[in-house]
Every structure is written in structure tokens, then in C-alpha cells.
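Right, one structure below, let's go through it.
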Amino acid sequence: MKTNEMTHKAARAAFGKAIDLALANVSGDKNTEKDWEKDVSRLMDLMENYMSGERLDVDYEKAKRMICDREGTLNRYIRRILSEVDPHVLRTTALNLGFEAFFYGTKTIRRMRRKHQCNVPWLILMDPTSACNLHCTGCWAAEYGNRLNLSFEEMDDLISQGKELGIYFYMFTGGEPLVRKADIIRLCEKHNDCAFLAYTNATLVEEDFCQEMKRVGNLYLAISLEGFEAVNDIRRGDGVFGKVMNAMDLLKENGLIFGTSICYTSQNIETVTCDEFVDLIVEKGCRYALYFHYMPVGNNAATELLPTTEQRIYIKDRVREIRNMSTGKGLFTMDFQNDGEFVGGCIAGGRNYFHINANGDAEPCVFIHYSGANIRTHTLLEILKQPLFMAYRDRQPFNDNHLRPCPMLENPEILEEMVRKSGAKSTDLQSPEPVEHLCGKCHEYAREWASAADQIWQEEAHRKSSCESGKP
């Protein structure tokens, strides 16, 4: 029986055996280049066979060459992970994030999109709580107050519904999700075939929690940083940078997988991409850096923090330079505003993800606080078919130029129209923001960026994603 015809259970078992063999042969200093190439080829061939017939932006032969190039960044990146990450965490990650979420999940999700004729995401982002042990300047999450929570049962039920649709990756935001660390560990334990990631300020990371993360093996962290100590602590509070550095040391010592979550603004954009900063987080054990463009969300948002056109061009190029797996820093980076060409534009509205706030409201994006459905009154499928989400599906991509992917920041007239026509309401419980007010802050930025972005799109070679929208 061909691999792509295997049952789910049999396919997972086959991947598990291949992963075990690869881990056994590549860990330590005794492995030979021949063993490494043989095991990588076997695993890559298994992946290619299993995903036969699916549209994927994966060049398997190129990947094998890069992995086996001992002078290249990717080879060193993987070897460092193998030497520093706990073996159980490695194996669980390869199975849950690799096989379940990326391979089996992708196939199932695409089938469900055809069946249900709506967006079905690859991951779901949810806020276990709006509570936080910090009060960072300008934090939009704080607008929800500190008394809202999703119950364990609600999150458990949502994940169960998600797996029926092929969704095996879940992220937690807040508030500070580690305020609910016991429930998060329970979810990881119960859904031990899923991968979980928590965006965190890391001040609640301690040895006992690291031991629990190691035990379940399927929880990863994205630690918020604004730059070095002086800049970071102005926003987050005195001593927070030091606590983050200590948390990173603890996570690395325990062989856990973590990275950073970085919001870049007009004030910190050079700092958070400079060699000194990147070298620091790599040495601390970060495996990835997730860069987020500042969004002027909320009635009191500071529009002066929006990057200039020149700054945005700089970070587009700089993030790709850091990420280069032939010559880069050995850190996987992603810039959600400037990497649209690699994912076919905007990924929100359930196309690749959506957000559930601590009140249960289903929002198309973590930055776009409008909704027409709630997990307490709607099933997951009903949420994905709510008018605002269907409007996203019908309009994606919002711009043929994927350097202008967002319906708010770069195409604000589209978000205004979708919210108005869908009847979605503001989900901000303390200071509801009319969509006209939100988008009004983006029109000037959108016009200025459009001129530069269109020129870049015409002049530079850029990648066309194999799947330009969530529709099959």
C-alpha cells in the first residue's frame, strides 16, 4: 500500500519510526555524513510520498541538499537543535507539528474546505484569559479588563471540534496565558496529538513549569521582547528584561523549544533586527523570531508608532536576510506583514487562522476586533460561516500585491465595507471602536506604502504561492 493511501494511524506510525531512526543517527558526534544523508532522504521521501497530489511550496530535493550541506546555515541550525533540545520534545514536535499539523492536517483541512465551502484554518488562536501580571504601555489586550476567561471545558471542546476538521495547531494569547498554565498543560496532555504555542511575557516561567513542558512535549513559547533592557522595560516595567533573560536560560537548560514575539514600531525597528540583538536571542536558545508590524488598534492608538515607508522596506529585506538558511543567522524569522507572497496574502478570517478572545468572541484577526459569533452560542463550523468570515473568504486575497495583504492596514476601505455589510459588532468591551475610526487611522499609511510597495512588486522577483486563497 502506498504511503499516501495509509490510514491516519499507520501513517503516524511510519513517520514515528522514520523520526526515531533519524534522531538516533544524527544525535551526538558519532554520526557520519553518510548516515545523515540516508536518514534525511528516507524521511523526506516519506513526506513527499504522503503528500503526493497536494499543492505544496516544498522543493524536496533542494531541502535535502541544504540539510546535508555541513557548511550551510540550515545544517548548523538543525544540529544545534538536536544537541540542545530534549529528545522527547523533539520527537513529539516532529510528530505533532510536522506530521499531524502540517501533513495530515493540511490534507484534511483542504478536504473540509471543499466539503463545507468555507475557510478552514490551519491554526486557531485563543485567549484563555484577559488577566495579566503586567500592565504594558499601549497593550490592546488590557482593553478587555482582567476578569474574562475561557473555561477549560470550552477550550477542550473547541480543540475537539477543530481536530474533526483537521486542525492540530493551537496558540494562546491574552492577557498573559501562563496565568492559566495549569489548564494549558491539561490541554496539552489531553490532546497529545496537537501542537500548542503560548505568546508570553515569560515572567511566570519557572523550573516546575519547565518540567511540565518537558513532560507533555508539545508546548512551545513565543516570548515578547521590544529590544534591549532600556527600551523593553520602559514599556513592560522595570526588571522585566532580566526576568526574560533568566526564563530563556531556564528553558534552554531544560531542552525546550521557544522563540520571540517582536512588535516592531518606528521607534525600535532597527534595534530588534540588529546583529547584536539577533545574536543574543540565538545564543539564549531561541529557534524562531515572529515579527509583527505595529497596528493602530484602539481608540487611543499612537499612529506615530507606525513605521515609515523606508523603515518597512528595510525590515522586509532584513528579516529575509536573517532567515536565509544558507547564509543567515540560524534563526527562523517570519514577518507577518511582509511575507505575504509566501502564504498568498492575508491569512486571517479563518483562511489560515482566526482569533477567539477571552469573552468567546470569534474575530477574524487578533488585531481586528469585530465579530458576529461566539463559541458559547455557535459551533466551530458556524463560526467559520459567519458573514464576516465568509466576506474574508470571498475577498481574499485583498490585493494582488502581497506586500499589501491586510484589509485594515493596507486596504482599509475593504475592512470598512466587510464589517458594515456583515453586521459584525465591535468586541472591545471597554471602549468599542467604530470600524470607520479604526480604518481612518490607516488611510494615509496605506496610500504612502502603496506607492513604494507597487514599485517593489513590479521590479523585484517574488514568489507566487501555490495556494493564493483558502478556497480549494
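In this chain, residues are counted from 1 in sequence order.
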Under the rule for salt bridge (charged side-chain N to carboxylate O under 4.0 Å, His left out), what residues qualify as partners of [X], not counting sequence neighbours?
X      : value
Glu321 : Arg318
Arg91  : Asp20
Arg215 : Glu189, Glu212
Glu417 : Arg395, Lys421

Checklist entry - Aromatic rings Trp122 and Phe102: how do their planes relate, parallel, tilted or perpendicular, breaks at 30° and 60°? => result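 Perpendicular, since the angle between the ring planes exceeds 60°.
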Next on the checklist: Students often mix this up, so state it plainly: with edges at 30° and 60°, are the rings of Phe99 and Tyr50 parallel, tilted or perpendicular?
Outcome noted: tilted
Next on the checklist: The criterion is ring-ring contact (aromatic ring centres under 6.0 Å, His included); which residues satisfy it with Phe258, sequence neighbours excluded?
Outcome noted: none
Item to check | Partners passing ring-ring contact (aromatic ring centres under 6.0 Å, His included) against Phe332 (at least two apart in sequence or in another chain) | outcome: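 Expected list: none.
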Checklist entry - Taking atom types as modelled and ignoring hydrogens, do the side chains of Asp361 and Asn359 form a donor-acceptor contact shorter than 3.5 angstrom? => result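 A donor-acceptor contact under 3.5 Å links the two side chains.
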Checklist entry - For Thr93 and Tyr220, does a side-chain donor sit closer than 3.5 Å to a side-chain acceptor? => result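 Note: Thr93 and Tyr220 side chains meet the donor-acceptor criterion.
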Answer yes or no: is there an ion pair linking [X] with [Y], defined by an N-O contact shorter than 4.0 Å?
X      : Y      : value
Arg376 : Glu154 : yes
Asp193 : Arg12  : no
Arg323 : Asp335 : no

Item to check | Glu164, CD: over 12 other non-hydrogen atoms inside 6.0 angstrom | outcome: no
Next on the checklist: Taking atom NZ as the centre, does Lys425 end up with more than 12 heavy-atom neighbours from other residues, nucleotides or ligands that are less than 6.0 angstrom away?
Outcome noted: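 At most 12 heavy atoms, drawn from other residues, nucleotides or ligands, come within 6.0 Å of this atom.
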Can you list everything that forms a side chain to side chain contact (heavy atoms under 4.5 Å, CB included) with [X]? Sequence neighbours excluded, please.
X      : value
Arg186 : Phe152, Asp183
Ala391 : Met418
Pro405 : Arg312, Gln337, Glu410
Glu413 : Asn411

Item to check | From CA spacing to verdict: salt bridge (charged side-chain N to carboxylate O under 4.0 Å, His left out), Arg320, Glu341 | outcome: CA-CA 12 Å; Arg320 297 180 187 196; Glu341 69 185 83; 3.1 Å; yes
Item to check | Gly349 to Tyr392 - nearest heavy-atom pair and separation | outcome: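 Nearest pair, atom of Gly349 first, then Tyr392: CA-CD2, 3.6 Å.
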Checklist outcome for this item: Sorted by chain and number, sequence neighbours left out, side chain to side chain donor-acceptor pair (under 3.5 Å) with Asn324 holds for Thr327
Item to check | side chain to side chain donor-acceptor pair (under 3.5 Å) involving His116 - partner list, sequence neighbours excluded | outcome: none
Next on the checklist: By the definition ring-ring contact (aromatic ring centres under 6.0 Å, His included), identify the one residue from Phe367, Tyr294, Phe292 that meets it with Phe336.
Outcome noted: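 Looking at Phe367, Tyr294, Phe292, the match for Phe336 under the ring-ring contact (aromatic ring centres under 6.0 Å, His included) is Phe292.
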